[in-house]
Amino acid sequence: MSLLSGKRKGLIGVDIGSSSIKVAELRHGHSGFHLHAAAVVPLPPGAIVENTVEKTDVVVQALREAVQQAGVSTDRAAIAVAGNAVIVKTILLPAMSELELESQIAYEADQYVPYDIDELYLDFHVLGPAEQDPEQMEVVLVVCKRNIIEDYQLLLNEAGLTLACVDCAVFALQNIAELLHEIPSAAPVHGFPLLQPKKTFPTTIALMHIGAAMIHVNILVEGRMTFVRDHFFGGNELTEAIQRAHQLGFQDAERMKIEDFSAVRQEAIDQYLSRLTSELMYALDFYSANHSDRPVDKIFLSGGGALMPGIAEALEQRLEIAAEILQPFPGITIAHNKAFDPDMMQKLGPRMVLPLGLAMRTFLP
């Protein structure tokens, strides 16, 4: 699913987060997908705040460094929008062809979106017939303000990149989960059918990506996207808890979190896990309000927050739902590349899920 077209000439996935810029480029061969290029470049606190670029020069420089370090083979970029930058809504409409729907999607969107249609980019994806009424169909409506996309486009252009595809973070997350066969695949990869092994999938799966400042939630029932939500909460809250417990500055607390987690006081960890659990429960309760007959069977965690030692076990115990880390490697092979350390990239796997999911747009219809 994309807000802009034109994917098949090769893409790099560019994840512009609040704490770092991550880029990835995928290739496909006889043995499957492999990581061709990748890089992670940190951003200073305050460079990006709630989807707003506050320090343009800093972000542009980080983008240039990431592209140079990775050694990508194209300047065509796919980015993700999330949070207050995008509205994703599943709606019910009378069954019709996609061509018919395309001609009236602006009218339909006007019923659900509190903005002037002329100020928006619109896209949609037909999920299929409605479960309760086959004469209706479920459609995912995606809306993003034009000025937000245009701001990102200028940012990428200054870094020497061309914006070729805009996706939603929750969809990029789903792309990788499908590729890794953790959920049923909705569509074949372009030119490379996704031959999934015979396996039994949990009925309802929640994909939860914990970034530095935001959590992306995508809940799928039998492989169909059913509920999406973004929360402004993330790994920065753990850093702040460490700050308070150890009386450190933000940068020193961040360093302790990443390099010396065993020294972090338990009170900081418990405080963070308690708040994180509340955020995730809020999303799960919101989902359950309309889908009480399809409780979540399993959670897959990704993002930088998933690198926290013991987080899957802790959340499984607190939420009473099976939890596992979504690890893209070795499902995606790490190619021998002088630009990055394969062992380090393996460790960073859950953090690379979004740029990898964006890079997958090259191969999706």
remark   = What one should report as the nearest heavy-atom pair of A80 and C168 is CB-C, 4.2 Å
ask   = Does a donor on one side chain sit under 3.5 Å from an acceptor on the other, for S20 and R351?
value = yes
List the atom pairs, with distances to 0.1 Å, where a side-chain N or O of residues 98-107 and a protein N or O form a donor-acceptor pair under 3.5 Å, not counting sequence neighbours.
unit_1 : atom_1 : unit_2 : atom_2 : d
E100   : OE1    : S97    : N      : 2.9
E100   : OE1    : S97    : OG     : 3.3
S103   : OG     : E100   : O      : 2.6
Q104   : NE2    : E108   : OE2    : 2.9

request  = State whether the side chain of N218 and the backbone N or O of L207 hold a donor-acceptor pair below 3.5 Å, judged by distance alone.
outcome  = no
inquiry  = Show the nearest heavy-atom pair for residues M352 and A38, with the distance to one decimal.
reply    = CE-CB, 4.1 Å
task = Please answer whether the main-chain N or O of S73 pairs with a side-chain N or O of E25 as donor and acceptor at a distance below 3.5 Å.
result = yes
inquiry  = Please check this pair: side chain of E316 against backbone of A323, looking for a donor-acceptor N/O pair closer than 3.5 Å.
reply    = yes
request  = Please indicate whether Q111 has more than 12 foreign heavy atoms, meaning atoms of other residues, nucleotides or ligands, lying under 6.0 Å from its CD.
outcome  = yes
Inter-residue atom distance L220.CG - F300.CZ, 0.5 Å rounding = 11.0 Å
inquiry  = According to a hydrophobic-cluster definition based on side-chain heavy atoms being under 4.5 Å apart (Ile, Leu, Val, Met, Phe, Trp, Tyr only), do L354 and V217 belong together?
reply    = no
task = Assess whether atom CD of E131 is packed by more than 12 heavy atoms of other residues, nucleotides or ligands within 6.0 Å.
result = no
task = Grab the two heavy atoms, one from Q327 and one from Q346, that are nearest each other, plus how far apart they are.
result = NE2-O, 3.4 Å
request  = Kindly indicate whether the side chain of F286, heavy atoms from C-beta on, has any atom under 4.5 Å from the side chain of I219.
outcome  = no
query = Same cluster for I325 and L238 if Ile/Leu/Val/Met/Phe/Trp/Tyr side chains link at under 4.5 Å?
reply = yes
message = Are L26 and T362 packed together at the side-chain level, in the sense that at least one heavy-atom pair is separated by less than 4.5 angstrom?
response = no
Least distance between heavy atoms, C165 atom then L11 atom = CB-CD1, 4.2 Å
note = Output for pair (D167 CG, L358 CG), nearest 0.5 Å, gives 6.0 Å
ask   = Which residues pass the side chain to side chain contact (heavy atoms under 4.5 Å, CB included) test with E65, sequence neighbours left out?
value = V41, Q61, Q69
request  = State, with a plain yes or no, whether a side-chain heavy atom of L276 is found less than 4.5 Å away from one of I311.
outcome  = yes
query = Which is it for V296 and L319 under the side-chain contact (heavy atoms from CB on, under 4.5 Å) test, yes or no, and what are the steps along the way?
reply = CA-CA 10 Å; V296 172; L319 297 172; over 6 Å; no
ask   = Are the side chain of D297 and the backbone of T204 linked by a donor-acceptor contact shorter than 3.5 Å?
value = yes
For residues 146-157, dump all side-chain donor-acceptor pairs below 3.5 Å to protein atoms at least two apart in sequence or in another chain.
unit_1 : atom_1 : unit_2 : atom_2 : d
R146   : NE     : D118   : O      : 3.4
R146   : NE     : L120   : O      : 3.1
N157   : ND2    : Q153   : O      : 3.3

inquiry  = Run the side-chain contact (heavy atoms from CB on, under 4.5 Å) test on L122 and I117 for me, step by step, so that the C-alpha distance in whole Å, both residues' side-chain angles and the decisive distance to 0.1 Å come before the verdict.
reply    = CA-CA 8 Å; L122 305 176; I117 292 298; 4.2 Å; yes
ask   = Are Y115 and I87 side-chain neighbours, meaning at least one heavy-atom pair lies under 4.5 Å?
value = yes
task = Check the surroundings of atom CD in Q266: do more than 12 heavy atoms from other residues, nucleotides or ligands lie under 6.0 Å from it?
result = yes
task = Taking R27 for its side chain and A37 for its backbone only, find out whether a donor-acceptor pair lies under 3.5 Å.
result = no
task = Can you label the angle between the H36 ring and the H34 ring as parallel, tilted or perpendicular, going by 30° and 60°?
result = perpendicular
key: Any pair counted as salt bridge (Lys or Arg N to Asp or Glu O under 4.0 Å), so long as it reaches residues 222-231, sequence neighbours left out   = E138-R224
message = Quick one: does any side-chain atom of T239 pair with a main-chain N or O of E254 as donor and acceptor, under 3.5 Å?
response = no
ask   = Looking at CG of N175 and CG of L356, how far apart are the two atoms once the value is rounded to the nearest 0.5 Å?
value = 10.5 Å
request  = Flag the pair F171 / V142 as yes when at least one side-chain heavy-atom distance between them is below 4.5 Å, and no otherwise.
outcome  = yes
query = When Ile, Leu, Val, Met, Phe, Trp and Tyr are grouped by side-chain heavy atoms lying under 4.5 Å apart, directly or through other members, which residues fall in the same group as M214?
reply = F232
message = Using the rule that Ile, Leu, Val, Met, Phe, Trp and Tyr join whenever any side-chain heavy atoms are under 4.5 Å apart, tell me whether I258 and V40 fall into a single cluster.
response = no
query = Are E240 and R275 ion-paired here, with the side-chain N under 4.0 Å from a carboxylate O?
reply = no
request  = Start with the C-alpha gap between V221 and H291, add the side-chain angles, then the distance that decides, and say whether side-chain contact (heavy atoms from CB on, under 4.5 Å) holds.
outcome  = CA-CA 10 Å; V221 177; H291 304 279; 5.7 Å; no
task = Could you pull out the closest heavy-atom pair between V59 and L43, with the gap in Å?
result = CA-CD2, 4.1 Å
Passing option when I16 is tested against V81, V23, I21 for side-chain contact (heavy atoms from CB on, under 4.5 Å) = I21
R76 side chain to G10 backbone, donor-acceptor under 3.5 Å = yes
key: Other residues, nucleotides, ligands: >12 heavy atoms within 6.0 Å of Y282 OH   = no
query = Could you give the distance from CD1 (I176) to CD1 (I332), rounded to the nearest 0.5 Å?
reply = 4.0 Å
query = What pair of heavy atoms forms the shortest contact from P45 to K55, and how long is it?
reply = O-NZ, 3.5 Å
inquiry  = With heavy-atom distances below 4.5 Å as the criterion, would you say the side chains of M308 and I210 are in contact?
reply    = no
task = Give the C-alpha distance, both sets of side-chain angles, the deciding distance and a yes or no for side-chain contact (heavy atoms from CB on, under 4.5 Å) between L348 and L307.
result = CA-CA 8 Å; L348 293 177; L307 299 179; 4.2 Å; yes
task = Look at the side chain of K257 and the backbone N and O of G235, then say whether any donor-acceptor pair between them is shorter than 3.5 Å.
result = yes
key: F33-L326 co-clustered via ILVMFWY side chain contacts under 4.5 Å   = yes
message = Under a 3.5 Å distance rule, please check whether H231 uses its side chain to pair with a backbone N or O of L280 as donor and acceptor.
response = no
inquiry  = Just so I know, are the side chains of C144 and V166 near enough to count as touching, which here means a heavy-atom distance under 4.5 Å?
reply    = no
ask   = How would you list, by chain and number, every residue that makes a side chain to side chain contact (heavy atoms under 4.5 Å, CB included) with K347, sequence neighbours excluded?
value = none
query = Do V140 and L92 share a hydrophobic cluster, counting only Ile, Leu, Val, Met, Phe, Trp and Tyr and linking them when any side-chain heavy atoms are less than 4.5 Å apart?
reply = no
Nearest-0.5 Å distance that lies between atom CD1 in I205 and atom CD in E324 = 9.5 Å
query = Do T277 and L315 have side chains that get closer than 4.5 Å, going by heavy atoms?
reply = yes
key: Inter-residue atom distance S302.OG - L173.CG, 0.5 Å rounding   = 4.5 Å
key: Derivation and outcome, side-chain hydrogen bond (donor to acceptor under 3.5 Å, both in side chains), residues E267 and Q271   = CA-CA 6 Å; E267 64 187 84; Q271 183 183 79; over 6 Å; no
task = Mind telling me whether F363 and H28 have parallel, tilted or perpendicular rings, with 30° and 60° as the class edges?
result = tilted
